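The chain is numbered in sequence order, starting from 1. The model shown is predicted, which means the values in this text are computed figures rather than measured ones.
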Amino acid sequence: MTFSFTKKNNLKLYLQYTAIFALIAFFVYGTYFVTGHSLIWHLDGAQQHLPLLEEFRKTLFKILKHPFSSWPQWSFKLGLGGDIFQINAYYVTGDIFNYLILLFPASKIIFAYQFLIILRLYCVGLVFCYFASHFFSKNAIILSGTVVYLFNAFLLYANIAQPFFSIPFMIFPLLILGIERVLQQKSIWPLTLAFCWMLFSNFYFAYILGFGALLYLILRYLLTYRKKINFFKTLFNLGLSTAISLSATAILWFPEMLAVFSSTRSNAPFANGLRLYPLYYYLALPSQLINGGNRNFYFWSALGFASISFFSIIFILIKIKKYPLLGTSFILGLIMLLFPQFGALFNGLTSPSNRWTLMLSLPIALSVCILIEQLPKLTHKVRLALTYCLTIYSCWIFLTYFFQNDEKLFIPMAFLFISYGFLIYHSSATKYHSNYAFLALIICNVIFNAIYFEAPYNGGYSNEMLPLKSFEKLVKTRYAGLDKDVKSSNSYRVSTTSQNYNLGNSFHMYNAQPNKLNSITSYYSLQNVNIGNFAQKMQNSQYEANIPISQFSDRTVLNNFLGVKYIFNQINQKNSTKIPANYLAEKASTRLTSGSNNQSGVDTQTVRYKTNQAFPLIYWQDTVINSQQLKSMTTTARERALASGVYVNNSIAKHYSKTKLSTDTQTIKYYIVSSRGNIVDTSSLEHLDSTETYKIILKNPENYENSELHIELNNIKYQQLSLKKQIQLEQNKQATLTSNGIITNDDSYNYYRYLRYHILNGSPDNSFSISVSSNLGTESITQPKQSELSFYKTVKSGVLNLGYFTSTPKYLTLTPSKLGIYKFQLQIVAEKLGKNYNREVTKIQKNRLKSMKFSQNNITGKIKTVKKGILTSSIPFSEGWKIYDNGKKLKTIKTNTGFLGTQLQAGSHDIHLIYSTPGLKTGKIISMLGIILTIVFAFLLFLISNFSIKTTE
């Protein structure tokens, strides 16, 4: 392939593209609107992107009105509080399309959000048209590749679910063009601008695209330019372009990089511990290439191209000597898809997410263009090879269909054979308008794929979108109107009951914005690692890297510690009676009865609970807990100790009095009996019958009244059974169930049925769940599957809160989720919340920071202390915080594992907390110097160029 940089003015191409895009978009996006759905995904779209975009618009207008004022850098709306600059840098700041939001009034923000989704995809196609015009001259060929590039399963999903995922599809072709210009000894500025856009857009995708650009550069040099160019001169130009772009954009990527390295994601295991993918992944991978209606992105291997792509890839591999770069890219891409280590490498050395496959779209789209262009030259030998490959490929898909029965393969397979017929027909002789015939075929293919992908039947993607007008309703009635009479303040927070708050349409409230109240839960890709450390130290069973706190399983002391003043709860939902202690019903919404025609339905009602025991945001304590004390405690005792003293490291703790620890936590003795009457030992619980249940019998429960009951699980190990053993056990069970029947058991069918089930579910795998139930609800600790990617974690311990009991139950129910051997330590701890606790909370509230005032990036307040002690808080610790006492800067310390604090001497204190994003100042300086040096360098090049011209004349 030869890049041609001859200037072209092909207005007709872009007009034709616009018409084709409008036609396909009518079906792609029209499917949502016709079925009453918006383009707002109920997960990230409604909970991250749209709320952040709305706040981003406000920030932009504020900056435009006051350009020399400081930027907002901290917000208490982000869960417990977070760096708004870093969060925005990841989601909205680097997306240049988001700045168009300034053109829309505030009342049209929801329309603008959806309009920008369509505009981004349109621009992806424009970029590919521009890119492909460097190779091909016929518009129909370019447009065929454009349609393939645009309308694949990756973008059909990502352009709506994660709108900024469309941006790398624009940047990558421009990176390739820029690199090619440098290799051909042309200007470095196009590459520099592409690099700048890449680094500015999003740190995560800059990482992926940077790797991809480097791979392209290495392959292109080795395969084409190794003996044609001056190596050191080219290397200097590439290095110069990289240095300029890195320095110019440091203001954004440098703080974001620091945020990534100090986030909960930084501790994720490499490739989720996988050496190979599960068997179902390899079985389904071939069909993923053309399954454009597919929504099951196994490990994010989202391909789903038009069916002709299969033949174009085969053609390139047959002609690999003529197209070595494309052929090598396909071989390398296949190898990388086979091993999870490559997915983890491109995903920041964490989970094996194959989002890098977005870069495969470019060579695949180009290969389609080449195949159509080379149609008249297809030899009998090539056509025969395509026939053989089609036969093998079809047989594979038909055979694996018996395992998965995916009806969405019908359309791709139909178009696969239609494409084959087109290839044979149009290659046998020169046909008039054959290029446009293939363009029409591809357009029909992607339209059908899109409709299958989106239509709200059989799990279509529309089901994951909010219905029209739902987001507006959500904003107004998130708490059923019970938030309207509650005063907004950064000094306290709110929460919901765990797994209880249902807003319909599978909407889980991971984020509670936009709303005037600050919720403790938050769902973002970059979460402060200190919050994560605290959650794990307290063994939060709800912990996820993206959602470290959630509702903390409704544990009373932790809700109090985090300043939760109000809890919203829905009746007749899970855990609706598991309310933390001392949270009293204060107000309820109108009760809606769904029963009709004398048939009882499920009533719905939201209740607001309030406590007077929420800890202040910032307060002073005069006794400390050291690491030796902490290690000797149960997790429940650590939680309870938050009211007694403050945990600091030993170098600080030695200067203060030790906390006298409470005796309000007691371990309850118990024994476990299975439904077969056997006494069970948790050091080796063999769960070999799915019908077997287990009861935890509590000894002397009457001694633990008015207590919160915690199940502490530690050193959990799960040994999964072999596939053969699992199937054998299930067959034995089925044989027992049918032993009294007249018709004999069908062993062959049952074997196939169980085998199919386990293969599709990736069995055997290390996932499991252990649940414990009481009359107040059920709590579980779950080890996710390794296919959960960003939500994968290694679970070894956790605390299950069964609720606050005035009268302790006599027994609990233990339920393992899967067959296998479980080994764990189980403690039942009763946490008494009586007079001692109330007295300690009262003392904390008395020692709060008074006269608190909040302004942008600032908190001020006053406190008087009678002796030296620790000023602590539930503000997440960050290096960006600075604390001043009476104008004097104090050293910040980490308290209670993850929160901001400092040491105070006795006396009156005028406290001032100031936040600035870590790395932002350094990034600004680097960017300013980089831009200045770039201007100077460009000016010198201009002078040298003019001097050379005059000398020549």
Side-chain angles (χ1 to χ4, degrees), residues 80 530-531 533-538 557-558 560-563 613-665 831 835-850 852 859-879 881-913:
L80 300 182
N530 295 301
I531 298 176
N533 291 341
F534 173 74
Q536 291 186 307
K537 181 71 72 174
M538 294 298 165
V557 175
L558 289 173
N560 291 167
F561 170 75
L562 296 176
Q613 294 191 323
F615 289 19
L617 181 68
I618 305 172
Y619 55 96
W620 174 85
Q621 285 188 309
D622 58 353
T623 60
V624 301
I625 304 165
N626 61 32
S627 57
Q628 285 79 15
Q629 287 177 293
L630 205 69
K631 287 179 182 177
S632 65
M633 301 179 193
T634 64
T635 306
T636 303
R638 290 177 189 172
E639 169 190 307
R640 177 64 182 80
L642 291 169
S644 305
V646 55
Y647 167 67
V648 291
N649 64 46
N650 288 346
S651 63
I652 297 173
K654 64 184 180 182
H655 300 294
Y656 296 89
S657 301
K658 287 185 182 180
T659 299
K660 184 180 179 181
L661 298 175
S662 167
T663 57
D664 284 346
T665 59
E831 183 178 32
K835 293 180 181 179
N836 290 339
Y837 179 70
N838 297 341
R839 185 171 56 252
E840 289 174 341
V841 171
T842 300
K843 180 182 176 182
I844 286 173
Q845 292 175 337
K846 182 181 177 181
N847 292 331
R848 72 187 186 279
L849 186 67
K850 299 177 177 66
M852 274 206 305
I859 305 171
T860 59
K862 300 179 184 295
I863 191 171
K864 187 174 183 178
T865 59
V866 294
K867 59 180 178 178
K868 68 176 183 178
I870 304 294
L871 187 71
T872 186
S873 71
S874 57
I875 300 173
F877 182 85
S878 168
E879 297 293 344
W881 282 109
K882 294 180 177 62
I883 303 178
Y884 294 87
D885 176 16
N886 297 324
K888 181 182 177 182
K889 185 178 178 181
L890 302 179
K891 182 180 179 181
T892 58
I893 62 172
K894 195 179 294 184
T895 62
N896 295 319
T897 304
F899 299 96
L900 179 67
T902 191
Q903 300 180 72
L904 290 182
Q905 299 299 318
S908 297
H909 307 277
D910 193 346
I911 302 296
H912 188 187
L913 285 74

Within the 6.0 Å centroid threshold, strictly below: F534 and Y647: no
W881 backbone acceptor or donor facing S878 side chain under 3.5 Å: no
Working for salt bridge (Lys or Arg N to Asp or Glu O under 4.0 Å), residues K835 and D664: CA-CA 10 Å; K835 293 180 181 179; D664 284 346; over 6 Å; no
Side-chain donor/acceptor of N650 to backbone N/O of S627, under 3.5 Å: yes
Sidechain-backbone polar pair: R638 side chain, M538 backbone, donor-acceptor under 3.5 Å: no
Contact summary for M852 and L617, nearest pair of heavy atoms: CE-CB, 4.2 Å
Heavy-atom closest pair, residues I618 and S873: CG1-CB, 3.9 Å
N838-Q613 side chain donor-acceptor pair, cut-off 3.5 Å: yes
Check: I863 main-chain N/O paired with N847 side-chain donor or acceptor under 3.5 Å: no
Point-to-point distance, once rounded to the nearest 0.5 Å, from CD of Q621 to CG of L904: 12.5 Å
Of K850, K888, K862, the residue whose pairing with D910 passes salt bridge (charged side-chain N to carboxylate O under 4.0 Å, His left out): K862
T623 backbone acceptor or donor facing S657 side chain under 3.5 Å: no
Steps toward side-chain hydrogen bond (donor to acceptor under 3.5 Å, both in side chains) verdict (T897, N533): CA-CA 7 Å; T897 304; N533 291 341; over 6 Å; no
Greater than 12 external heavy atoms within 6.0 Å of K889's NZ: no
Test item: N530 side-chain N/O and P876 main-chain N/O as donor-acceptor pair under 3.5 Å: no
Distance in Å, T902 OG1 paired with K891 NZ, rounded so as to fall on 0.5 Å steps: 9.5 Å
4.5 Å side-chain heavy-atom contact, H909 and K864: no
E879 CD to K894 NZ distance, which is reported to the nearest 0.5 Å: 7.5 Å
Spacing of CG belonging to L642 relative to OG belonging to S874, to within rounding of 0.5 Å: 10.5 Å
T665 side, atom OG1; M633 side, atom CE - distance, nearest 0.5 Å: 9.0 Å
Residue pair I893 / I652, side-chain heavy-atom distance below 4.5 Å: yes
CA sep, side-chain torsions, deciding dist, call: D885, Q905, side-chain hydrogen bond (donor to acceptor under 3.5 Å, both in side chains): CA-CA 10 Å; D885 176 16; Q905 299 299 318; over 6 Å; no
Gap separating the CG atom of N896 from the CG atom of L900, nearest 0.5 angstrom: 11.5 Å
Partners meeting side chain to side chain donor-acceptor pair (under 3.5 Å) with Q903 (sequence neighbours left out): Y656
Short side-chain donor-acceptor distance under 3.5 Å, E840 and S644: yes
K868 side chain vs H655 backbone, donor-acceptor pair below 3.5 Å: yes
